[in-house]
Student: 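This structure is in structure tokens; I'll ask about it shortly.
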Protein chains: 2
Amino acid sequence: MNRPGIKDVAKLAGVSVGTVSNVINNVPTVTPERIERVNAAIAQVGYVRNAAAKTLRRGVASAVGVLVLDLNNPFFMEAAEGVTDCLSQTESFMLLASTQASVEKEAELLTLLESHAVRGVLLSPAGASLAAAEEIVQRGTPVVLFDSIATPPTMSSVSVDDASGAALAMQHLLGLGHRRIAFLNGPEDVHQSQQRKRGVDTAIARWSGKEAQLITHNLDSYTIRAGAAGMTKLLAEQHPRPTAIFCANDLIAIGASMTAREQGLRIPDDLSIVGFDDIALASQLSVPLTTVHQPMFQLGWRAANLLLEGAIVRHETFSPELRVRRSTAPPS
Amino acid sequence: MNRPGIKDVAKLAGVSVGTVSNVINNVPTVTPERIERVNAAIAQVGYVRNAAAKTLRRGVASAVGVLVLDLNNPFFMEAAEGVTDCLSQTESFMLLASTQASVEKEAELLTLLESHAVRGVLLSPAGASLAAAEEIVQRGTPVVLFDSIATPPTMSSVSVDDASGAALAMQHLLGLGHRRIAFLNGPEDVHQSQQRKRGVDTAIARWSGKEAQLITHNLDSYTIRAGAAGMTKLLAEQHPRPTAIFCANDLIAIGASMTAREQGLRIPDDLSIVGFDDIALASQLSVPLTTVHQPMFQLGWRAANLLLEGAIVRHETFSPELRVRRSTAPPS
DNA sequence: TATCAGGAATGAAACGATTCATTCATTGGG
DNA sequence: CCCAATGAATGAATCGTTTCATTCCTGATA
């Protein structure tokens, strides 16, 4: 008899195990006198409820899985805070893990979460295919997509309108007079990248009359490092170099501006830069970053809420907003 | 019969449940022919192992809990990546949650983790008291302290030498000629704050001869917001204002420099600023931040490693390094 | 051929909380 | 005074896996 269990508590309190269980679960039919007796016993033996046993019997755990691409991306962490906030009103809690943008790791973690019988999963998909997610949905674990949409819709989703956000950014640059613009996009097979590319293309297309030139690069991740590398490549390959750069997220923008500055370029004088997300630091950079704002906390909150709400498949879309700061100016 | 279990697999494969279990757990005594047969059956029925049942029987889960003060602090997220990296070599995984620097939430989460029979907990304590942690250690769940030390030592720990790091920073400022220095520290009851304060004090004391003046403010969190607020207060209350500020972490430094700039102060001309941590963004700020570097990834990695290693209580200390950048200069 | 050793396979018991059909106690009405 | 009705408490069965003592096989040896 290692750790005290419900039986030990019951014996000490002189009640049945059923009663102890009822006390633990706040079942309202228990006499106040007994509640007190049981609680005293619990405190005395140092009882801690065995979550595994509970989950086994109940069939479902009180956890919600959250799978993000990168723990170091403030976008996801802001959202995670939103999730936590929503969950804190229930007795659920968050299981947070990073897929490191790897499809295999994502599949692995999804199985792990499924095996733990989580109430559901909030997923920011690593690749184009939702096969792994579809599978666990089929088997009964609900999934809410984060910043992505399933077609056909077998799972709920929350997202911002990436395309229109990207279009906003491009319109801004085009409006300032830029005609040679680079787009440092994220990995090609990520949903967000595709949507943002769409938005960029429509913005360019709509600008019809005056010929605007677009150079698109797909980076291998949404990180500062990738942004820096992308910028290096851009400066080496493109002559004349672009006068403005739209980055698929703020971290890429930070990396890009870092490299640009190292190469002696001045922002925004020599080069305008626009980001995406509006992470807290965007306004603190050497030059406060013009960027497309996403309501990250809310996004996470609603995603969790949709999961808790249950069965209905629903899609919630938030509208992004352009935050013009100092990293953009007309071309010199 | 809802979800297929081990029995269903056994029936289909024509073997016993014990054999299926052995296959799942890679017990080497199983015939290759049977392994294949079982795996085929597993794939066919879409079997997913029930982690709750496993944990119930085994008595311990294959998860490691990680409790940090703030998900939005890159310091912890870098460390979390280190933890994940270390854990990925075993079949363990990380359960990451934020205490939001609240002692109550910390206690709550510790109990939650204990109830889930985690292999152990990596804890960055929210307050001065380790009572809650001690309790679960007593009951058999190992805890490794993250950036903090228990006295008497009932749990292992990893940390950097906060005091000497802080001393490094102060020496730097004093060496530059600053004589009126403010210290924007974190919450008073957090271990790191206390240690960094110690370092600051010894540095000042050692500077004996010339009278150096120190103004210390304890903020209520290690965040950008708190840093900004602290700076506002500092500028309002202190006349003449300090010529240099040492911040207990980079986020505070970012917040402080943000406010300073809003008030028309130039960094480092009017005000020198030093941070602590050296998060990735420190070098990307409007003025690259002079800061005390901590090996965050390694810190997390070693913490996880100590936990996996088991019983021995051990303390590992890393040495911080000063990274001089552009946010510091002699007073004008 | 009979026996034995050793490895491989078996399946019942156990893990600890929850559930729910049953039992027990109490109260009020006829 | 008995019965019914209501509410509280009980405890055996259950969830799905792992464990391990036992059984089964196979091939080698005497």
Side-chain angles (χ1 to χ4, degrees), chain A residues 1-39 41-42 45-63 91 111-112 114-118 139-140, chain B residues 1-39 41-42 45-63 91 111-112 114-118 139-140:
Chain A
M1 198 201 301
N2 231 342
R3 285 255 275 266
I6 211 177
K7 273 186 205 160
D8 305 297
V9 174
K11 201 176 298 170
L12 181 61
V15 301
S16 71
V17 293
T19 301
V20 176
S21 175
N22 286 337
V23 170
I24 293 173
N25 295 295
N26 298 315
V27 174
T29 64
V30 190
T31 288
E33 180 259 347
R34 262 150 199 259
I35 293 183
E36 198 176 345
R37 207 133 52 91
V38 169
N39 281 329
I42 285 178
V45 302
Y47 168 76
V48 178
R49 183 219 227 107
N50 182 325
K54 171 177 134 186
T55 301
L56 175 58
R57 186 63 241 255
R58 281 247 174 106
V60 55
S62 55
E91 89 294 12
T111 311
L112 183 73
E114 186 184 10
S115 83
H116 277 264
V118 294
R139 287 197 288 253
Chain B
M1 196 202 303
N2 231 341
R3 284 256 277 265
I6 212 177
K7 274 187 206 161
D8 305 296
V9 173
K11 201 175 299 171
L12 182 61
V15 301
S16 72
V17 293
T19 301
V20 175
S21 175
N22 285 337
V23 171
I24 292 171
N25 294 296
N26 298 315
V27 173
T29 64
V30 191
T31 289
E33 180 260 347
R34 264 151 196 259
I35 294 183
E36 198 176 345
R37 208 132 54 92
V38 169
N39 280 329
I42 285 177
V45 302
Y47 167 76
V48 178
R49 183 219 226 106
N50 183 325
K54 171 177 133 184
T55 301
L56 174 57
R57 186 62 242 254
R58 283 247 174 106
V60 55
S62 54
E91 90 295 11
T111 310
L112 183 71
E114 185 185 12
S115 83
H116 277 265
V118 293
R139 287 196 290 253

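Excluded from the calculations below are hydrogen atoms, water molecules and symmetry mates; all remaining heavy atoms, backbone and side chain alike, are included. Chain naming here is simple, since letters A, B, ... match the order of the sequence lines and numbering starts at 1 in each.
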Student: Check whether B/N25 reaches the backbone of B/V27 with its side chain - one donor and one acceptor, N or O, closer than 3.5 Å.
Tutor: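 No, B/N25 side chain to B/V27 backbone: no donor-acceptor pair under 3.5 Å.
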Student: Please tell me if B/R49 has a side-chain N or O lying less than 4.0 Å from either OP1 or OP2 of D/dG16.
Tutor: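 Indeed not, no polar side-chain atom of B/R49 lies that close.
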Student: When you get a sec, tell me which of C/dA8, C/dA17, D/dT17 is the closest nucleotide to the side chain of A/I6?
Tutor: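 Output: C/dA17.
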Student: Choosing from C/dA9, D/dT17, D/dA12, which nucleotide comes nearest the side chain of B/Y47?
Tutor: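 Closest of the options to the side chain of B/Y47: D/dT17.
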Student: Would you say a side-chain N or O of B/T19 is under 4.0 Å from OP1 or OP2 of C/dA9?
Tutor: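 No, B/T19 has no side-chain N/O under 4.0 Å of OP1/OP2 on C/dA9.
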Student: Name the nucleic acid region contacted by A/G5, choosing base, sugar-phosphate or nothing; use a 4.0 angstrom heavy-atom cut-off, strictly under.
Tutor: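 Sugar-phosphate, no base atom in range.
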Student: Quick one: closest heavy-atom pair of B/A53 and A/L56, and the distance?
Tutor: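 The pair with the smallest heavy-atom distance is CB-CD1, 3.8 Å.
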Student: Rounded to the nearest Å, what distance is computed from the CZ atom of residue A/R34 to the P atom of nucleotide D/dA8?
Tutor: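 Checked: the CZ to P distance equals 11 Å.
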Student: Among the nucleotides C/dA17, D/dG16, D/dT19, which one has an atom lying closest to any side-chain atom of B/S21?
Tutor: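 It is D/dT19.
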Student: How long is the line joining NZ of A/K11 and P of C/dG16, in whole Å?
Tutor: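 After rounding, the reported distance stands at 13 Å.
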Student: Looking at D/dC15, C/dA17, C/dG11, which one has an atom nearest to any side-chain atom of B/S16?
Tutor: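 Per side-chain heavy atoms of B/S16, the pick is C/dG11.
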Student: Taking for each residue the nucleotide of DNA chain C bearing the nearest heavy atom, is the 5' side occupied by B/A53 or by B/N22?
Tutor: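 On the 5' side of the pair lies B/N22.
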Student: For the pair made of CG in A/N50 and P in C/dT18, what is the distance, rounded to whole Å?
Tutor: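 Going from CG in A/N50 over to P in C/dT18 covers 9 Å.
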Student: Are the side chains of B/I6 and B/S21 in touch, meaning some heavy atoms are under 4.5 Å apart?
Tutor: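 A side-chain contact under 4.5 Å exists here.
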Student: What's the closest nucleotide to the B/R57 side chain, out of C/dC15, D/dT10, C/dA12?
Tutor: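 Nearest to the side chain of B/R57 among the choices is C/dC15.
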Student: Got B/S115 and A/K54 here, is their nearest side-chain heavy-atom distance under 4.5 Å?
Tutor: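 When only atoms from C-beta onward are counted, A/K54 and B/S115 do not touch, as no gap falls below 4.5 Å.
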Student: Can you tell which of A/V38, A/I24, A/L12, A/D8 makes a side-chain contact (heavy atoms from CB on, under 4.5 Å) with A/Y47?
Tutor: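 In the set A/V38, A/I24, A/L12, A/D8, the residue that makes a side-chain contact (heavy atoms from CB on, under 4.5 Å) with A/Y47 is A/I24.
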Student: Once rounded to the nearest 0.5 Å, what's the spacing between atom CZ of B/R49 and atom OG1 of A/T111?
Tutor: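 These two atoms lie 12.0 Å from each other.
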Student: Between C/dA17 atom P and A/D8 atom CG, what is the distance in whole Å?
Tutor: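 Taking CG of A/D8 and P of C/dA17, I get 9 Å after rounding.
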Student: Whole-Å distance between C/dC15 C1' and A/K54 NZ?
Tutor: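 Value for this atom pair: 17 Å.
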Student: Of all the nucleotides listed (D/dC15, C/dT10, C/dT18), which has the minimum atom distance to the side chain of A/L56?
Tutor: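 It is D/dC15.
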Student: Any donor-acceptor pair under 3.5 Å joining the side chain of A/R58 to the base of C/dT18?
Tutor: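 Per atom types, no contact qualifies.
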Student: Would you say A/T31 places a side-chain N or O within less than 4.0 Å of OP1 or OP2 belonging to D/dA9?
Tutor: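 Answer yes for this pair, as a side-chain N or O of A/T31 is under 4.0 Å from OP1 or OP2.
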Student: What's the CG-C1' distance between B/N26 and D/dT18, to the nearest Å?
Tutor: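 In whole Å, D/dT18 C1' lies 15 Å from B/N26 CG.
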Student: How close or far is atom P of C/dA17 from atom CZ of A/R3, stated in whole angstroms?
Tutor: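 Taking CZ of A/R3 and P of C/dA17, I get 10 Å after rounding.
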Student: Heavy atoms under 4.0 Å, any strand shown: does B/V20 hit a base, just sugar-phosphate, or nothing?
Tutor: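 Nothing, no nucleic acid heavy atom in range.
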Student: Rounded to the nearest Å, what distance is computed from the NZ atom of residue A/K7 to the C1' atom of nucleotide D/dG11?
Tutor: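 Roughly 11 Å, once rounded to whole Å.
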